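Worksheet for the structure shown next.
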Amino acid sequence: MSRYNAKETEPKWQEAWNTAESFRAVPDDREKYYVLEMFPYPSGRIHMGHVRNYTMGDVVARYKSAAGFNVLHPMGWDAFGMPAENAAMEKGVHPGDWTYQNIADMRAQLKPMGLSIDWTREFATCDPEYYGQQQALFIDMMGKDLVYRKNAVVNWDPVDMTVLANEQVENGRGWRSGALVERKELTQWFFKISAFSDDLLDSLDNMDSWPEKVRTMQKNWIGKSTGLQFEFKTNGAPSGFEGLEVYTTRPDTLFGAAFAAISADHPLAKQLEENNPEIAAFNAECRQLGTTEEAMETAEKKGFDTGITVTHPFNDAWELPVYIANFVLMGFGTGAVFGCPAHDQRDLDFARKYDLVVTPVVCPADQDPDTFSIGKKAFTETGNLINSRFLDGLSIEDAKTEVIKRIEGKGAGAAKTQYRLRDWGVSRQRYWGCPIPVVHCEKCGVVPEKKENLPIELPKDVAFDKPGNPLDRHETWRNCACPSCGGDALRETDTMDTFADSSWYYARFTAPKAETPTDAKEVDYWMNVDQYIGGVEHAILHLLYARFFARAMHATGHLPKRATEPFNALFTQGMVCHATYQDPDGKWVNPDDTRAIEGGGFETLDGRPITVGKSIKMSKSKKNVVDPDDIIDQYGADTARWFVMSDSPPERDVEWTASGAEAAWKHLQRVWRLCVEVQEMGEGDTAQDAALEKARHRAIDEVTKGIEGFAFNKSVAALYQYTNTVSKSDASKAAKLVAMQSMAQMMQPMTPHLAEEVWAAMGGEGLVTGAPWPQVDESKLVDDTVILPIQVNGKRRAEIEVAISATKDQIEKMALETPAVTRILDGAAPKKIIVVPGRIVNVVV
RNA sequence: GCGAGCGUGGCGGAAUGGUAGACGCGCCAGACUUAAAAUCUGUUGUCCGUAUGGGCGUGGGGGUUCAAGUCCCCCCGCUCGCACCA
C-alpha cells in the first residue's frame, strides 16, 4: 500500500490552486468575508508562531469560502524598521536590498504552507507605491488638523538614536533597544490621536467580538477621568506664580485638604530651583526616580516644603503648605495636586511622614461621624460628607457636583475631563521609514509637498558609516524647491514611526494598486476586516494606532463611516512554546541537537545528559526553536498545520513536541490508508450505512461548530473520532465513499493538500478547495433511542435505554423498576423524581 | 496596589447546571513479525474487592440546587496587562 507522500503531493495541489486562481478575490454579488492575520516583519525566517497565526487565518478563510462567502485573505510585509538599518551598519548591505531579500526568503518559506492567500495583492510597506500613498494620507491629515508640529520633551533612545512614542517606552526603556530612555526637547511631528479620545474609548463598549482583555487594556491606556481643575491663590510664590492650577477627581474631599504638592518638573519647581540649591538637588533626585518597577514599589513618598502656601478656596484664613513631591507626575493633569490624606493612600503616607493633619471628610454609613478616624489605611469607599461645612451629609457624588458648582461660580476653575492618552509623536530620526512629506521654506515655513510630487522616495545612495540619520547628510535629497513659492527649501528628514505603516495596510489590501490611498468602490465592498488574528502583544500599540488611523482616514474621505472601527472581530492567539534543554555546562541546547533516551529523558548527541526546563515561547536565545522549514521538509505542511490546530485551544499557548508532530503525521497517514482501503473494498453490506450516515452528520456538526467558535482543537478531536468511526464501520463502499468525501471537505481548512488527494481518490468533482461546505441534516443528529443515566440522590446508579418519544411517566416507571433503584428504595416510595427528557433521571429518596 | 484570566488523570486538554476525564500523547497488555519498525486490537483517575459492586475524586473551605468542574461567598496559588494617573 502506498504511503501518502506529502513532498510530492503538496506542490502538485498548490500548482492546481494557482492555475484555478482559487484564492483570487474579486468583488461579486456574494457576501464578502475579509480575514486578516497581522502581517509579518520580514526578518528573513518564518517561525512556528507565524505557522500558527497563518494557519488559523487560513482555516477561517477556507471554511468561510466553502460556506459561500467571497473571501479576501491577503498577505504583505511590515517592511520598514530598525533591523534593516542595523544590518546595513553591520554588513554594509543597503536596507532596501536586505529587506527585499528577506521578503523573498520568507515568501519562499510561506508558500509551501499552502495558504489560501490572494498573492496578487501582496505589497511591502517599503514599496514607494505604498508609502507614497501614506504620504498622501499624511498631507490630507494635515489639512484636517490631525497632524501638527510642536516643540516637546520627548523620549530619546540613545542607542537607536531616535525618538520613541510613550507607548514604546516600557519601564523607562526603549521597547526595541532596551536602552534607558532620556528626555530631550525636540521639534516633533504628532498625530492628534487625542481628537478621538472619547470615541476611541466609547466605541470599545460595542466591540463584543474583541477579547475583553484587549478592550480593558485599551480603556486603561486611554485613561479617562472626570474631575475639577481649579486655581489656588498662592502666598509667597515668585512673581508669575500667583495662582496654582490643580486637578482632582475628588473635589468632594476639598475640606480634607492638608497640603498642595507639585511635580519636580512643574514650572514653579523649576523656577524655585534657580535660587535654591537644596530644591535643585531634591528635584534632581525626583527626576532620577521612577524608571523601574522596583523603584516605584519601594520609593518612599518624599516632599520638600517650599515655604509657599496656598489659600483654601472656601476659607480665606486657611493656608495649606506647598510641597514639591516625588509622587506627583508632570505628565498628568496640571502636575499639581491638593493632598487629602484621609481619602488617598499616597497622600496619607505623605501626611504621616511629614506629620500633617488627617481630617476625615467622608464617613462610611456604619460609623459614627464623631469618632470615625483614619489609621494606616485611607478610606476610599463610599459614605457621606462630614467636617465639610455646607457639604455635610451629602453623598460623594452630590458633594462633587456642589463643589464644582461653587468653584465655577467663583470663577476659580471648572469641571474637566482628563485623559492619560497623549498625542502620538511620530517623528523618527531614521532612514528606513516613510519620509514625512513636508518641506521647510524660509519664506513660507512648513509646507506640505504637492501630491503630484509623491512619492517622496528615499534616496538609494546613502551611507551608514556614521551614527544618526543619513537623510540629514544627503545634500541633493535634502535641498529641494518649495512647493509653494518655488524657492530654495529643505526637505523634512524625519521619517514616520513604522507603526504608521501598519495602521492602514488592512485598508490598502482592498485596492493595493489604486492611485489614491484607497478606492472608494473596493473599500466599500471589502471593509471591514471581519476577522483579525494576531498576538496579544499588539493589544495597545498597533490596535490603538490602527483604530486612530481608521478614524483619520474617514475624516479625510478615504474610508466609509462604518470602517472607523476597522476590525469587526479580533482574535488573539497564544504563543508556540517548547521545552528548554540545557547541557551539564548549563548551555542551552537546540532540540535538534538532542535525542531521546530509552525510558525517558534526553541526551546530547555526544551522550551527555540534558536537563529539561519548562516550556516557554520559542526564542533564539534559549535555543528552544523548531524551524517550520524542517518540519515541512520532514512531514509536509499539512502535518505542521494539523499539529498547531490540535490539542491546545487557539487562545492558549501550545507546546510543540516532537511526539505531537509525529502523532499528527501518523493520523494523516491513517486517513490516507483509510482512503485506499475504501478504494479497494468490495461493494459491501448496506446494513450499517444509516449508522455511518449519522456519524457523518454528527462530525459535520461538531467540526463546523468548532471552526465557527474558534475552537479548532475541538474540530480536530471530532475528526479523530470520525476517522475511528469510519475505519471501524462495516458500511458499504458507496456509503464509505460519501463518508470520505465529507472527510476531505471537513479536513480541507486544516490540511488542504491531503484533503485534495482524498477528494480526488474518492471521486470528488473538481477541487475540494471551493467545494461547498457539507450541510448538517439536523434530523440525523437525534437517535430513535437515548441512554438515560439514572441517579439516586444525584449519584449515578444505573442507566436505561428509552425511546426518544417516551413520556415522562414512562421514563419514571422504567427508572423505578431498575434493579439498582429498587434495591436502594427497598420498598419505600421515592420523595421525588426529576426527569429531564433526553438528559437524565434523578430519584430523590 | 488596580484590572483581566486561569487552576480538571502522568501530560495537552473535553464537558448548553444533568453520566467528569471526549480527542490526542504517554504507559501497559495482546495480535502480526525470526526480530524490530510500522500497523491493528484492548486496558489505563484513585482506593477497597476475585467479582457483581462500592468509597473518594475537578486548588482549599463554605453556600444555593433534586443535581455544581460549571452559579454565589471567602481563602490559596499561577499567568498576563497596567501602575505613584491625583
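Below, chains carry the letters A, B, ... as their sequence lines are ordered, and counting in each starts from 1. Atoms considered below: every heavy atom in the structure, side chains included; atoms not considered: hydrogens, waters and symmetry mates. Just so you know, these numbers come straight off a predicted model, no measurement behind them.
- Looking at heavy-atom distances under 4.0 Å, A:Asn220 makes no contact with the nucleic acid at all.
- Rounded to an integer number of Å, the gap from A:Lys213 NZ to B:C6 C1' is 11 Å.
- For A:Arg652, taking side-chain heavy atoms from C-beta onward, the closest of the listed nucleotides B:G13, B:U39, B:A86 is B:G13.
- Residue contacts shown for A:Asp344 are absent, as no nucleic acid heavy atom lies under 4.0 Å away.
- At a threshold of 4.0 angstrom between heavy atoms, the contacts of A:Ser659 are confined to the sugar-phosphate backbone, with no base atom among them.
- At the heavy-atom level, A:Lys666 lies under 4.0 Å from the strands shown only through sugar-phosphate atoms.
- A salt bridge between A:Glu708 and A:Lys705 is absent, with no side-chain N of the basic residue lying under 4.0 Å from a carboxylate O of the acidic one.
- Counting non-hydrogen atoms under 4.0 angstrom, A:Lys714 reaches the backbone sugars and phosphates but no base.
- At a threshold of 4.0 angstrom between heavy atoms, the contacts of A:Asn713 are confined to the sugar-phosphate backbone, with no base atom among them.
- Counting non-hydrogen atoms of other residues, nucleotides and ligands closer than 6.0 Å to NZ of A:Lys617 gives a total of 12 or fewer.
- Across the protein-nucleic acid pair, A:Phe350 atom CZ and B:A86 atom P stand 18 Å apart, rounded to whole Å.
- Nucleotides B:C2 and B:U8 have their P atoms positioned 26 Å apart, rounded to a whole Å.
- Residue-level contact check: A:Lys224 touches neither bases nor backbone, having no heavy atom under 4.0 Å from any strand.
- Following rounding to the nearest Å, A:His343 (NE2) and B:C84 (C1') show an atom-to-atom distance of 19 Å.
- Note on A:Tyr720: only backbone sugar-phosphate atoms sit closer than 4.0 angstrom, heavy atoms only; bases stay farther off.
- Backbone-only contact: A:Pro649 has heavy atoms under 4.0 Å from sugar-phosphate atoms and none from a base.
- Using N1 to N3 plus N6-O4 or O6-N4 for Watson-Crick, or N1-O2 and O6-N3 for G-U wobble, each under 3.5 Å, B:G24 pairs with B:C11.
- Relative ring orientation between A:Phe230 and A:Phe338 is described as tilted, the plane-to-plane angle lying within the 30° to 60° band.
- A:Val328 comes within 4.0 angstrom of a nucleotide base, judged by non-hydrogen atoms across all strands.
- Here B:U41 is the nucleotide among B:A86, B:C84, B:U41 with the atom lying nearest to any side-chain atom of A:Lys728.
- Contact check, A:Arg420 against B:C82: no side-chain N or O comes under 4.0 Å of OP1 or OP2.
- Across the C1' atoms, B:A83 and B:G3 are found 10 Å apart, a figure rounded to whole Å.
- Protein atom CE of A:Met645 is 19 Å distant from nucleotide atom P of B:G24, rounded to whole Å.
- Pairing of B:U16, defined by two Watson-Crick or G-U wobble distances under 3.5 Å, is not identified with any nucleotide.
- In this structure, A:Asp347 does not pair ionically with A:Lys301, as no charged nitrogen and carboxylate oxygen lie closer than 4.0 Å.
- Comparing atom distances between the A:Arg797 side chain and each of B:G13, B:A86, B:G54 picks out B:G54 as nearest.
- If you check B:U46 for Watson-Crick or wobble pairing at under 3.5 angstrom, you find it paired to B:G55.
- The listed nucleotides are B:C84, B:G18, B:G3; the one nearest the side chain of A:Arg839 is B:G18.
- A donor-acceptor contact closer than 3.5 angstrom is absent between the side chains of A:Thr580 and A:Asn624.
- Within 4.0 Å (heavy atoms only), A:Val844 reaches sugar-phosphate atoms of the nucleic acid but no base atom.
- Taking the nucleotide of RNA chain B with the nearest heavy atom to each of A:Arg823 and A:Ala717, the more 5' of the two is matched to A:Ala717.
- Syn is the classification of B:G9, since its glycosidic angle stays within 90° of 0.
- Contact annotation for A:Glu212: no contact, since no heavy-atom pair falls under 4.0 Å across all strands.
- Spacing of C1' atoms, B:U52 relative to B:A67, comes out at 27 Å, to the nearest Å.
- To the nearest whole angstrom, the two P atoms, one in B:C28 and one in B:A37, are 12 Å apart.
- B:U70: no Watson-Crick or G-U partner with both key distances under 3.5 Å is found in any strand.
- Here A:Arg796 does not reach the OP1 or OP2 of B:A20: none of its side-chain N or O atoms lies under 4.0 Å away.
- The aromatic rings of A:His667 and A:Tyr720 lie tilted to each other, with the angle between the two planes from 30° to 60°.
- In this structure, the CD1 atom of A:Ile540 is 17 Å from the P atom of B:G3, given to the nearest Å.
- When heavy atoms are screened at a 4.0 angstrom cut-off, A:Asp347 is found touching no nucleic acid atom at all.
- In this entry B:C82 has B:G1 as its Watson-Crick or G-U wobble partner, both defining distances falling under 3.5 Å.
- For the pair A:Arg250 and A:Ile834, both in contact range of RNA chain B, the more 5′-proximal nearest nucleotide belongs to A:Ile834.
- A centroid separation of 6.0 Å or more is found between the aromatic rings of A:Phe643 and A:Tyr635.
- Between A:Phe350 and A:Phe327, the angle of the ring planes goes over 60°, which puts this pair in the perpendicular group of the 30/60° scheme.
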